[in-house]
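Below is one structure; the comments refer to it alone.
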Amino acid sequence: MAFSPENKNIKKALQKNESEQPTEPKDKLIIPVFNDENERTKNYTFTLQPSVRKRLDGLAKEHNFKSASKFLNELIKNM
């Protein structure tokens, strides 16, 4: 055997690596918390499918945003 499994230093190193691994995947979407800022905004126009717009409005309301636009702004800003 290349090493003794009873070696305390090896046990500590293995336990340390296991505890340092992130529990959340990096690709997980994090939805921001409503934060009202006074930065000026500019109007933009884009198109969405009606079912996507309905879901967007629902997400915005669920997370206490005043509008879908504010929700999208915070979501993209925090990516």
Quiz item: Between Phe65 and Glu74, which heavy-atom pair has the shortest distance, and what is it?
Solution: CE2-CG, 3.6 Å
Exercise. Mind checking the CZ-CD spacing from Arg55 to Gln49? Nearest 0.5 Å is all I need.
Key: 12.0 Å
Quiz item: Same cluster or not: are Phe46 and Phe71 linked, directly or through other Ile, Leu, Val, Met, Phe, Trp or Tyr residues, by side-chain heavy atoms under 4.5 angstrom apart?
Solution: yes
Practice problem: Using a strict 4.0 Å threshold on nitrogen-to-oxygen distance, state whether Lys61 and Asp57 make a salt bridge. | Solution: no
Quiz prompt | Over all atoms of both residues, closest heavy-atom pair of Ala68 and Ala60 | solution = CA-CB, 3.8 Å
Quiz item: Are Val52 and Leu59 in one and the same hydrophobic cluster, where Ile, Leu, Val, Met, Phe, Trp and Tyr link if side-chain heavy atoms are under 4.5 Å apart?
Solution: yes
Quiz prompt | Leu56/Leu48 under side-chain contact (heavy atoms from CB on, under 4.5 Å): CA gap, chis, key distance, verdict | solution = CA-CA 10 Å; Leu56 175 61; Leu48 295 172; 3.9 Å; yes
